[in-house]
Participant: 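Here you go, one structure.
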Amino acid sequence: MNNPDIFGRVIATENKPTTTTALRFWVSDTTLLRPFDVVKVPHVSRKPGGQSFTYAIVQELEHLTDAIGYLSGVVSSDFGDVNTEPRNIRLGTTVATAEVLYNTEDIEMPVRDGSAVMWADREGVTEALGLRGIKQPLPAGYFSMSNDVEIPIHFEGDFVVGPEGAHVNISGISGLATKTSYAMFLMCALQQKRMKDVSLVIFNVKGGDLLNIDQPNVAMSEHEKKEWHKCGLEPRPFDNVTYFHPYSKKEDRLCTQSTTVPRETLEDQISRGVVHNYFYDVESGKNKLELLFADVDDPQSTMEQCAEQMKEKRPSSWSALVEDVEEMTKKSQDRPNRAKGQEIPVVSWRRFYRFLQQRVKNDIFDEVTSSKTDVRRKVYVRDIVRKIKPGHVVVVDIQPLPDYLQSLVFGDVIRQIQSAKMGDDEELGPTDDMGRVVIFADELNKYAPKREGNDRALTRTILEVTERGRSLGMVLFGAEQFRSGVHQRVLGNCSTNIMGRTNSVEVTNTGDYRFLTGAQKATLTRLPKGTLLLQHAAFSTSTIKARFPVPAYSQPK
Amino acid sequence: MNRIIDLLRDRIGLTCNRFDMLDLDGSSSSEWDENEPPVEEPFEDPPPSGNCCDIGPLLDPASDPLFRFFIDGSRKTYRVADVEHNRRYFPLIAAQVGVAVCERDCRKYGGIGMKPVADASHIVNALVLPDLIGDSDVEAIRSELADLPRGYFEVIRYKFRNDGNPLDLAAAAVMQRMHNMEVKAACDLAQAGALSNDAMLVLDGSLMFRDPKFDIGDFRNVIGIAKRFKPDFTVGKGQKKSHVGIMVGHLEQGQRTIVHKRTFGRVSLGSWYLRLRPKKRVQGTLGGVVKLELFALGDAERENGFDSTRINVISQHVFAERNVTPFGADERWATHLYPMYLTEKYMKSLFMSPVVFRGLF
């Protein structure tokens with residue numbers, strides 16, 4: 001009697017046997033299968049006369065025929081007549097290679113030749129992928145099989161925000177990989193599921209996508225809303241969001257350098273009191289100068305030494321600080337016969353002076369002002385950190401700033417959170433409990449690049465977060481176009497890696513994708529929008545292909 | 001588990017000297033064509049003017065094929081031991097003999113459109129014994145073999161001749177068993193009403209069976225297609241007499257010879273040759289040519305020969321089967337029609353592996 005559930009049979013040959021970890025099966029002509037589908041195969045049991053089931057995930061599909069070589073095709077077309085229509089169809093089949101994930105009786109014997117192959121049931125897939133028994137489930141998307149079965153995927157929350165593991169890395173090319181959308185989806189899941197113990201800090205580095213995330217996406221269709229429900233989440237924007245823009249002296253632009261936020265949106269945020277402008281006064285800013293020069297090559301660390309010396313000065317303004325540096329440069333010039341290694345060379349002072357003079361011209365370097373506080377809405381960076389508390393979102397817009405100022409703000413916020421966590425920052429003072437702080441940084445390769453030699457001050461800060469942040473409750477969600485461009489130690493500390501669409505050069509020429517099979521690498525180069533490969537410490541398989549919904553917050557047109 | 005040689009020694013009393021199992025199929029040549037009856041005369045109506053003709057236009061590839069069923073018989077013959085019995089010394093031959101029947105219906109089955117016909121394909125394991133072993137002993141052997149846990153064995157007997165090679169005699173007996181199975185499978189299909197004018201059966205090889213004990217009417221819609229043939233038969237009359245090999249050598253692709261009558265036993269059949277491949281693409285002038293056979297049925301056919309139009313239509317359909325080919329996978333690719341090739345592959349997939357078979361002895 002025909003069993004409609006069976007669509008293939010296991011095949012074990014002399015050259016390609018089934019093993020503890022892999023099996024191959026041929027597929028009926030009418031079956032549509034694709035990599036990442038999960039199948040079920042009856043297997044031997046520990047109980048006499050019983051049956052266990054082995055679950056396997058499809059990795060590669062091949063179609064083969066009995067043609068020995070290409071010439072078989074030529075000969076079969078009347079020796080090369082391309083218009084020949086053969087009456088007979090050549091014997092062929094599609095053969096799938098699958099990775100064994102799980103057996104219901106924990107049997108590790110290879111499955112037997114000829115065993116039936118069926119679609120895996122929902123329960124089995126959940127078990128096989130390692131999605132059962134998750135203690136702190138964090139929605140991560142949903143898994144879709146060729147037979148229309150859809151299963152929600154959950155990360156183990158303790159491996160995303162600690163304490164078991166931490167940090168998430170998301171890579172993929174711009175535009176198609178939807179890495180920012182996924183990071184936001186994951187943070188939305190955190191806010192909905194971990195309201196009481198997780199706070200979010202988001203750095204906006206491009207466009208205005210993340211500058212109105214507490215307003216709903218009115219363009220979302222019913223189908224798109226259902227995708228949120230499939231993941232076990234409500235399609236709603238972020239709650240408790242506070243925005244911080246770089247300060248501008250231009251009052252006609254509402255004292256912000258952010259130009260990507262529509263004026264009406266900004267006015268609405270101002271009326272709700274959720275938007276502020278951050279700045280640095282010289283008193284607090286002079287202590288962070290090494291971050292201001294984080295992008296400058298400084299093999300002998302002389303720039304850092306200059307910055308260190310300037311901490312002792314008490315200038316009244318940024319221009320006074322620049323004058324102080326100019327004076328130091330002159331003094332250094334007047335003392336040419338210094339002992340080697342004891343003083344900073346004059347060329348370094350000159351360089352420091354040149355950079356400082358140029359870089360503090362931005363409006364975020366300003367004095368403390370008492371007037372028009374409601375118009376200027378000026379706050380210190382430490383005020384940003386004070387806003388961080390469980391269930392709250394802080395968005396720091398650094399997009400209008402040049403790269404070196406982005407590094408300053410980014411590094412400064414991270415350091416202050418770190419200090420607050422350790423309770424050793426006099427400037428910050430006592431803060432409320434922040435919970436586990438998730439920091440999202442796009443273009444991570446800019447802040448923690450892979451490079452030879454000494455790491456920069458900012459890179460060291462990020463390494464500190466990824467290597468010791470788990471115990472402190474600081475979690476980095478990093479995103480970048482190419483994994484190969486990010487510091488290996490940062491990547492190595494991520495318990496969760498998300499890979500979006502990337503190009504074949506990246507996949508083949510770098511070692512960062514070695515753990516993927518050939519088929520998975522090929523899949524990576526043609527992933528559709530909204531689909532990613534997930535690698536997570538709690539999964540039973542190396543990667544799961546997952547879909548996730550469009551953002552539920554307002555998107556600029 | 002009892003092994004067969006142990007059974008023969010312990011239960012029957014035959015002295016068997018174990019032999020490293022020897023595959024006999026490569027060494028023995030037992031083509032039926034060796035014993036073909038002589039060609040008599042042209043057997044076509046109206047009588048043809050020459051020895052060759054065109055088969056007519058190519059068929060539309062989308063047209064329904066004429067051939068629906070395919071039968072292939074196959075055997076594997078091994079020398080497994082030598083027997084000492086009654087002051088005689090002879091080889092003990094074992095064989096697997098089988099027949100496969102496949103149906104082609106692309107609309108019904110999809111894919112390659114071929115499926116084995118349910119319950120029609122089967123394998124027989126056999127011990128091949130000379131008549132030097134008496135009936136009583138053979139009955140005892142049959143009884144012992146019936147209790148074997150790993151598949152039924154039957155006994156095939158052959159007549160021992162002092163002037164004959166017992167290996168050849170045994171192989172011929174196995175071949176005879178195989179042909180009987182093929183004939184039975186064909187008759188079963190005909191009697192089940194599966195065959196018709198537009199659903200013919202192709203039988204692999206010649207229809208000239210040695211022991212034609214069957215109703216010839218069951219072969220109304222059966223064609224024999226032989227991949228090889230003996231080229232040194234004389235055909236034609238008077239000054240036009242020549243060996244068939246010479247006539248076939250003149251065929252171009254898409255041409256056939258005229259039909260010639262051959263009689264064996266009480267039946268007549270018509271045979272003709274069709275070139276499937278261009279001469280320059282095959283080895284030798286006989287390459288790429290198949291021999292086709294039909295039984296002459298009905299008084300008019302037996303008297304006047306085959307209707308030329310019917311022969312051409314059948315030839316066109318055979319010609320249409322030339323693609324795809326098992327080129328590279330089978331050295332007989334140029335004349336091995338692909339559905340027949342698949343049937344043969346299926347047949348061979350039913351055999352036990354030689355290692356397992358050896359284990360039974």
Side-chain angles (χ1 to χ4, degrees), chain A residues 1-4 6-18 24-33 61-96 112-117 146, chain B residues 58-68 70 102 104-107 109-115 118 202 253-254 276-282 287-288 316-331 333-334 336-346 348-349 353 355:
Chain A
M1 199 173 71
N2 284 342
N3 182 345
I6 300 174
F7 64 80
R9 291 272 174 187
V10 172
I11 179 84
T13 69
E14 215 166 43
N15 294 333
K16 303 234 171 128
T18 55
R24 288 177 182 79
F25 59 93
W26 59 267
V27 183
S28 80
D29 284 337
T30 52
T31 302
L32 296 179
L33 199 65
L61 293 162
E62 296 169 294
H63 184 78
L64 54 90
T65 70
D66 65 358
I68 297 295
Y70 303 123
L71 288 180
S72 303
V74 176
V75 171
S76 294
S77 296
D78 283 345
F79 297 94
D81 179 355
V82 292
N83 291 311
T84 301
E85 292 285 348
R87 163 156 287 177
N88 298 298
I89 300 165
R90 194 177 279 289
L91 177 65
T93 190
T94 300
V95 176
R112 305 286 162 87
D113 178 73
S115 300
V117 178
S146 296
Chain B
L58 290 177
L59 291 181
D60 178 357
S63 62
D64 287 336
L66 188 64
F67 308 118
R68 187 181 184 98
F70 301 86
C102 287
R104 175 173 64 184
D105 187 333
C106 291
R107 290 194 192 98
Y109 298 127
I112 58 167
M114 299 232 353
K115 283 269 188 282
V202 178
Q253 188 185 24
L276 300 178
R277 317 281 172 198
K279 275 191 275 190
K280 63 179 180 181
R281 298 288 193 179
V282 289
Q316 285 168 357
H317 277 273
V318 173
F319 190 70
E321 300 286 351
R322 72 192 181 284
N323 292 328
V324 296
T325 76
F327 176 79
D330 193 311
E331 60 181 15
W333 67 271
H336 207 351
L337 300 185
Y338 195 71
M340 214 62 249
Y341 168 75
L342 291 183
T343 308
E344 184 184 294
K345 293 281 273 187
Y346 173 65
K348 289 185 173 166
S349 75
S353 82
V355 176

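Given the structure is predicted, the values throughout are model-derived calculations rather than measurements.
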Participant: Are any non-hydrogen side-chain atoms of I68(A) and F327(B) less than 4.5 angstrom apart?
Facilitator: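 Not in contact.
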Participant: Does K345(B) have any side chain to side chain contact (heavy atoms under 4.5 Å, CB included) partners at least two apart in sequence or in another chain, and if so, which?
Facilitator: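 Counting only residues at least two positions away or on another chain, K345(B) forms a side chain to side chain contact (heavy atoms under 4.5 Å, CB included) with Y341(B).
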Participant: Where along residues 75-82 of chain A does a heavy atom come under 4.5 Å of chain B, listed by residue number?
Facilitator: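 So the qualifying residues are V75(A), S76(A), S77(A), D78(A), F79(A).
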Participant: Distance check, rounded to the nearest 0.5 Å: D66(A) atom CG versus D330(B) atom CG?
Facilitator: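 Rounded to the nearest 0.5 Å, the CG-CG separation comes out at 10.5 Å.
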Participant: Could you measure the distance from the OG1 atom of T65(A) to the CD1 atom of I112(B)? Nearest 0.5 Å is fine.
Facilitator: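 So the gap between those two atoms works out to 11.0 Å.
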Participant: Give, as side chain, backbone, both or neither, the part of T30(A) having an atom under 4.5 angstrom from any heavy atom of chain B.
Facilitator: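 Contact with chain B: none, neither part.
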Participant: Could you check which of G111(B), C106(B), A62(B) has the highest count of heavy-atom pairs closer than 4.5 Å to chain A?
Facilitator: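 Counting heavy-atom pairs under 4.5 Å, the top option is G111(B).
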Participant: Between Y338(B) (side chain only) and R87(A) (backbone N and O only), is there a donor and an acceptor less than 3.5 Å apart?
Facilitator: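 The answer is no, because no donor-acceptor pair under 3.5 Å joins these two groups.
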Participant: Side chains of N88(A) and E321(B): closer than 4.5 Å at any heavy-atom pair?
Facilitator: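 N88(A) reaches E321(B) side chain to side chain.
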Participant: For the candidates R277(B), R104(B), M114(B), Q253(B), which exhibits the highest count of non-hydrogen atom pairs separated by less than 4.5 Å from chain A?
Facilitator: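 So the answer, after comparing R277(B), R104(B), M114(B), Q253(B), is R104(B).
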Participant: Looking at every heavy atom in both V324(B) and P86(A), which two are closest together, and how far apart are they?
Facilitator: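 Heavy atoms of V324(B) and P86(A) come nearest at CG1-CB, 3.8 Å.
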Participant: Heavy-atom distances under 4.5 Å only: say whether L337(B) touches chain A with side chain, backbone, both or neither.
Facilitator: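 Contact with chain A is absent: no heavy atom of L337(B) under 4.5 Å.
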Participant: Look up atom OG1 in T325(B) and atom CZ in R90(A), then write down how far apart they are to the nearest 0.5 Å.
Facilitator: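 Atom-to-atom, T325(B):OG1 and R90(A):CZ are 5.5 Å apart.
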